[in-house]
Amino acid sequence: MQSSLFPDPATDHPLLQGLNPEQRRAVTTTRGPLLVLAGAGSGKTRVITHRIAWLIEQERVSPWQILAMTFTNKAAGEMKERVIHTVGEQAKDVWLGTFHKIGVRMLQQMATQAGLRAGFSIYDTDDQVRTISRVMKALNLSDATYKPKQFAQFIDKCKNRLQLPDDPKLLDSVESDFDKKAIAVYAAYEAEMRTADAVDFGDLIMRPTIVLAQNPGLRQNWSNRFRYVLVDEFQDTNAAQFELLKLLTSEHGNLCVVGDDDQSIYSWRGAEVGNILGFPEMFPNTTTIKLERNYRSTGHILAASTAVVSHNRNRHGKVLWTESGEGELLVLHVAQNERDEADWVARTLDQLRTAGTSASQMAVFYRTNAQSRVLEESMRRFRLPYILIGGQRFYERAEVKDALSWLRLLVNPQDSAGWERAIHAPRRGIGDATVELVAQRARARGISLPEAADDLLLLNQAGRSAEKLRTFQNLLRGLRDGIEGLRADTVGAQVLQASGLKAALQADKDPDAQDRLENLGALLAAMAEHADTADDPSLRGFLEQVALVADTDKLGDGAKVSMMTMHSAKGLEFDVAVVVGLEEGILPHANSVAESGDGRSLEEERRLLYVAMTRARKRLFLAHARSRRRFGGPEMQADPSRFLSQIPEERIRVEGGRSSSQSWTQAGSWSQASSWSGSTASRNGSWSQRPQSPGSFPARPRPSAQEEPVFQRGDPDSPYQPGTRVRHASFGGGTILEADGYGSDARLTVRFDTVGVKKLVARFVQVQA
DNA sequence: ATTGCTAGGTTTTTT
DNA sequence: ACCTAGCAAT
């Protein structure tokens with residue numbers, strides 16, 4: 001929209017300076033439903049922050065009437081900072097946070113209606129699983145037929161869809177023994193959660209949504225309070241979140257959602273791409289704006305990633321373009337094995353650093369956290385500073401969780417999961433027998449574990465360990481009484497002292513004990529920082545933050561290479577990005593290839609690669625290894641990812657791939673003899689060609705050839721070695737015991753995890769890379 | 001009740 | 001290779 005032709009006083013507004021016409025429209029279209037399809041690197045965050053600023057400055061909306069939802073704390077923090085920078089301190093009143101954080105705040109304000117007390121606990125996945133185990137025991141389901149985790153997943157799924165255990169639709173959908181039992185577990189679990197005054201992650205969305213849905217007055221109040229609602233990463237919302245948004249905007253319809261269907265990578269967590277694909281149908285008078293100009297990446301990077309994702313059928317379809325130059329070609333490195341790959345990553349990044357790129361502008365992305373270990377070793381060997389994002393989290397360490405369970409018990413005396421943990425931390429001569437006694441009492445009376453413990457003590461039925469139990473309960477009560485008005489970190493220090501956690505670690509001869517002690521020190525430091533800086537400096541506020549914040553927000557401090565999974569990469573950008581492990585079985589992950597043959601999970605894997613690739617501004621490196629060790633087992637051959645062949649050859653340079661290892665040469669493997677060994681694309685035009693069909697690179701690879709690798713090799717090279725993990729369509733996963741014969745006709749003896757030993761022909765199983 | 005050992009599972013991704 | 005739950009030994 002040329003401003004000269006359509007003079008608009010608002011065009012000159014400083015907030016619109018430097019925005020392109022589409023971005024301006026997205027900022028200034030404040031009324032009604034708005035869908036912004038924002039391609040990777042199209043200035044999405046800029047649009048959102050300017051839009052908030054626009055609402056406040058131009059349209060005179062009070063900051064507290066604006067609600068902005070994000071998925072990660074990182075995104076929320078960045079956004080808040082930028083809005084504050086633009087409109088000043090008043091921006092602090094904008095409700096800006098993750099869905100879960102907003103959910104907590106809503107629940108706190110509607111605690112009564114939600115049947116909760118003010119100090120309710122937020123259970124993490126671990127607490128959830130433990131609670132389910134306890135429930136399973138009560139229902140006599142704790143044989144090994146189903147694992148607590150399976151039920152946990154089931155419950156999450158229900159909550160993502162707003163289905164309570166008595167939901168008629170849920171009851172109708174029972175198809176299997178598992179479903180039936182899962183619903184029973186779900187119902188008992190919910191009852192248990194109520195006694196403990198606890199909610200899980202799913203509840204943080206589901207509960208406020210249900211309260212609003214069932215309470216028209218409240219719904220009106222909340223919807224009138226937030227006149228403008230914005231959502232980032234909308235492609236990752238689930239059904240419950242969308243419903244919450246509808247309720248919150250029911251009075252005015254001012255809902256602005258921003259997202260990119262090509263970056264939808266959380267369907268396994270209940271996200272519905274349909275929310276963004278079907279948004280205009282859901283809100284008939286939706287304005288749709290596409291942001292297709294990419295400001296981030298070079299031409300080669302953009303073209304390569306676009307080519308990959310365009311193989312997906314289920315998408316809106318955008319055409320990203322850029323005015324920046326083509327830049328450097330992508331580089332694909334073919335490594336011998338994972339260690340070789342990791343060394344190459346470190347060497348490459350080291351060279352770039354020497355050439356002047358700051359390590360803080362470099363990132364390495366992988367599919368699974370397990371891949372990080374080798375990379376770490378190489379980074380250390382090359383003395384490259386790095387920071388691991390995600391993975392083993394500080395707040396998930398045993399000693400930290402122990403301390404946190406005490407703290408939780410102080411805020412919420414009914415916290416059963418916390419009690420179950422604290423009673424053994426440190427060991428105090430109370431064993432499983434006593435805990436089981438308490439659990440039975442709790443079950444019988446429908447009360448929490450700590451209540452049941454008091455109950456038993458009162459009745460003198462606490463068994464042999466009664467006195468120890470009494471001491472423990474009194475200790476808790478004493479601590480709780482003494483903390484009124486104290487700083488969170490002061491309370492923390494008292495707890496570490498009084499609980500005996502500190503003393504136990506000091507006395508521990510284990511060489512790791514010192515580290516654990518230091519972790520507890522770090523916990524106190526975090527509490528002190530929280531007490532000094534947070535909006536809600538209370539202990540409760542601290543615990544809430546711990547529950548909702550993964551400590552991945554230390555990005556960019558110090559000159560360190562960031563290493564993370566492709567999932568946590570979303571929303572970030574770096575000058576240099578390296579994507580490793582581009583192999584069948586890893587990306588796409590074996591589980592995504594096997595399950596549900598409709599290709600949806602495969603498309604999600606492709607989007608995952610797309611997200612990773614589009615993080616790069618200037619240089620993009622890809623790598624895969626010819627063989628890889630998994631589970632510490634033997635090195636196993638790995639095929640290059642099918643996605644690699646979808647990158648146009650003229651945008652990428654292949655390097656490495658020449659064997660230095662004797663064993664490889666001797667094995668005479670096909671990859672050795674194939675085009676892979678060249679440093680450039682081979683004559684037939686494809687550097688990812690299977691040797692079985694040389695010279696026939698299909699522009700659109702036939703799906704069958706792509707999905708079903710054919711192995712025609714002899715024994716030494718056969719993928720069907722004893723010990724190899726395989727998957728069968730109906731028998732599930734298993735391990736090869738014996739293999740006889742060649743290729744896909746080989747006769748295998750396989751021990752399946754669930755159905756036992758079977759003999760079958762190789763073509764019916766899939767090798768798990 | 002606690003410690004220490006072994007077997008078996010684990011590695012998809014996270015708020 | 002690593003972690004854990006479950007068992008035996010103390």
Side-chain angles (χ1 to χ4, degrees), chain A residues 69-76 97-104 122-126 128-130 133 142 144 147-149 156 159-160 200-205 233 236-238 240-241 264-271 338 365-374 377 389-393 396 398 423-424 426-435 463-465 468 508-510 544-550 552 564-570 581 585-595 601 604-605 607-608 611-612 628-634 725 733 735 751 753-754 768-769:
Chain A
M69 314 264 232
T70 64
F71 269 82
T72 63
N73 297 286
K74 214 156 40 199
T98 63
F99 266 97
H100 292 86
K101 169 93 186 164
I102 300 289
V104 172
I122 301 167
Y123 278 13
D124 65 12
T125 314
D126 190 53
Q128 190 187 24
V129 168
R130 279 164 199 275
S133 299
S142 43
K147 279 180 258 165
K149 257 198 190 146
D156 279 341
K159 292 189 173 183
N160 287 339
D200 57 29
F201 284 129
D203 284 327
L204 294 179
I205 311 296
E233 308 281 11
D236 288 327
T237 49
N238 61 37
Q241 288 163 331
S264 159
I265 53 175
Y266 284 104
S267 72
W268 50 274
R269 208 170 81 184
E338 72 274 10
F365 306 131
Y366 35 81
R367 177 66 233 265
T368 69
N369 276 309
Q371 290 168 260
S372 70
R373 181 165 260 117
V374 226
E377 284 166 13
I389 311 287
Q392 162 73 303
R393 273 168 246 182
E396 280 168 21
I423 199 164
H424 296 302
R427 305 232 154 240
R428 51 171 44 74
I430 301 172
D432 293 339
T434 310
V435 173
R464 249 182 275 285
S465 306
K468 289 172 187 156
D508 196 330
K509 302 180 286 295
D510 190 306
E544 177 194 312
Q545 183 194 301
V546 167
L548 298 180
V549 175
T552 59
M564 68 193 88
T565 64
M566 300 186 189
H567 280 87
S568 19
K570 190 159 60 107
I586 294 184
L587 189 80
H589 195 273
N591 296 354
S592 310
V593 182
E595 80 198 24
S601 43
E604 181 146 317
E605 296 287 299
R607 289 193 293 268
L608 197 49
V611 167
R628 187 175 292 269
R629 190 185 294 275
R630 276 190 117 188
F631 304 133
R725 292 289 299 171
T735 307
R751 186 178 59 226
D753 304 336
T754 48
Q768 310 257 282

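Convention: sequence-line order gives letters A, B, ...; per-chain numbering from 1.
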| Base, sugar-phosphate, or nothing for A:Phe71, non-hydrogen atoms under 4.0 angstrom? | sugar-phosphate

| task | With the side chain of A:Thr434 defined as its heavy atoms from C-beta on, choose the nearest nucleotide among B:dT14, B:dT11, B:dA1. | result | B:dA1

| Whole-Å distance between B:dT15 P and A:Met564 CE? | 13 Å

| task | Mind checking A:Lys570 for me? I need base, sugar-phosphate or nothing, with any heavy atom below 4.0 Å counting as a touch. | result | nothing

| query | Does A:His589 lie flat on the base of B:dT12, that is, centres under 5.5 Å apart and planes under 30° off? | reply | yes

| request: Mind checking A:Ile430 for me? I need base, sugar-phosphate or nothing, with any heavy atom below 4.0 Å counting as a touch. | output: sugar-phosphate

| task | Grab the CH2-P distance between A:Trp268 and B:dT14 for me, whole Å please. | result | 6 Å

| said: Once side-chain contact (heavy atoms from CB on, under 4.5 Å) is applied, do any residues pair with A:Thr72, and if so which ones, sequence neighbours excluded? | reply: A:Lys74, A:Ala75

| request: Would you mind classifying the nucleic acid contact of A:Lys149 as base, sugar-phosphate or nothing, using non-hydrogen atoms under 4.0 angstrom? | output: sugar-phosphate

| request: Give a yes/no answer on whether the side chain of A:Thr565 brings an N or O atom under 4.0 Å of OP1 or OP2 in B:dT12. | output: no

| To the nearest Å, how far apart are A:Asn369 CG and B:dT14 P? | 6 Å

| task | Could you check whether the rings of A:Phe71 and A:Phe99 sit parallel, tilted or perpendicular, using 30° and 60° as the cut-offs? | result | tilted

| said: What is the separation between atom CZ on A:Phe365 and atom P on B:dT13, rounded to the nearest whole Å? | reply: 16 Å

| base_contact_polar (B:dT13 base, A:Arg367 side chain, donor-acceptor, <3.5 Å) | yes

| note | Among the nucleotides B:dT12, B:dT11, B:dT14, whichever has the atom closest to the side chain of A:Arg269 is B:dT14

| task | Ignoring backbone atoms, establish whether A:Ser568 has a side-chain N or O less than 4.0 Å from OP1 or OP2 of B:dT14. | result | yes

| query | So how far is it from A:Ile430 CD1 to A:Lys468 NZ, rounded to the nearest 0.5 Å? | reply | 7.5 Å

| field | Flag for A:Thr125-A:Gln128: side-chain donor and acceptor within less than 3.5 Å | value | no

| request: Using whole Å, report how far CG of A:Asn238 lies from P of B:dT14. | output: 17 Å

| note | Between A:Arg427 and A:Thr72, the residue closer to the 5' end of DNA chain B by nearest nucleotide is A:Arg427

| Atom pair distance, as rounded to whole Å: CG in A:Asp203 and C1' in B:dT15 | 13 Å

| query | Considering only heavy atoms from C-beta outward, does the side chain of A:Trp268 approach that of A:Glu604 to under 4.5 Å? | reply | yes

| message | If the condition is ring pair (Phe, Tyr, Trp, His ring centres under 6.0 Å), which residues does A:Tyr366 pass it with, not counting sequence neighbours? | response | none

| request: Measure from the side chain of A:Ser592, starting at C-beta and using heavy atoms only, and say which of B:dT10, B:dT12, B:dT14 lies closest. | output: B:dT12

| remark: Heavy-atom closest pair (A:Thr98 atom, A:Ala76 atom, distance to 0.1 Å) is N-CB, 4.5 Å

| task | Rounded to the nearest angstrom, tell me the gap between atom CZ in A:Arg630 and atom P in B:dG9. | result | 17 Å

| side-chain contact (heavy atoms from CB on, under 4.5 Å) evaluation trace for A:Arg607 with A:Ser264 | CA-CA 7 Å; A:Arg607 289 193 293 268; A:Ser264 159; 3.8 Å; yes

Could I get a table of every N or O pair under 3.5 Å where one atom is in the protein and the other is in nucleotides 1-5 of chain C?
residue, atom, partner, partner atom, Å
C:dA1, N7, A:Phe631, O, 3.4
C:dA1, N6, A:Phe631, O, 3.3

| query | How long is the line joining CG of A:Asn591 and C1' of B:dT13, in whole Å? | reply | 11 Å

| said: I'd like the P distance from B:dT13 over to C:dT4, given in whole Å. | reply: 15 Å

| query | Considering heavy-atom distances to DNA chain B, does A:Arg428 or A:His100 have its closest nucleotide positioned more toward the 5' end? | reply | A:Arg428

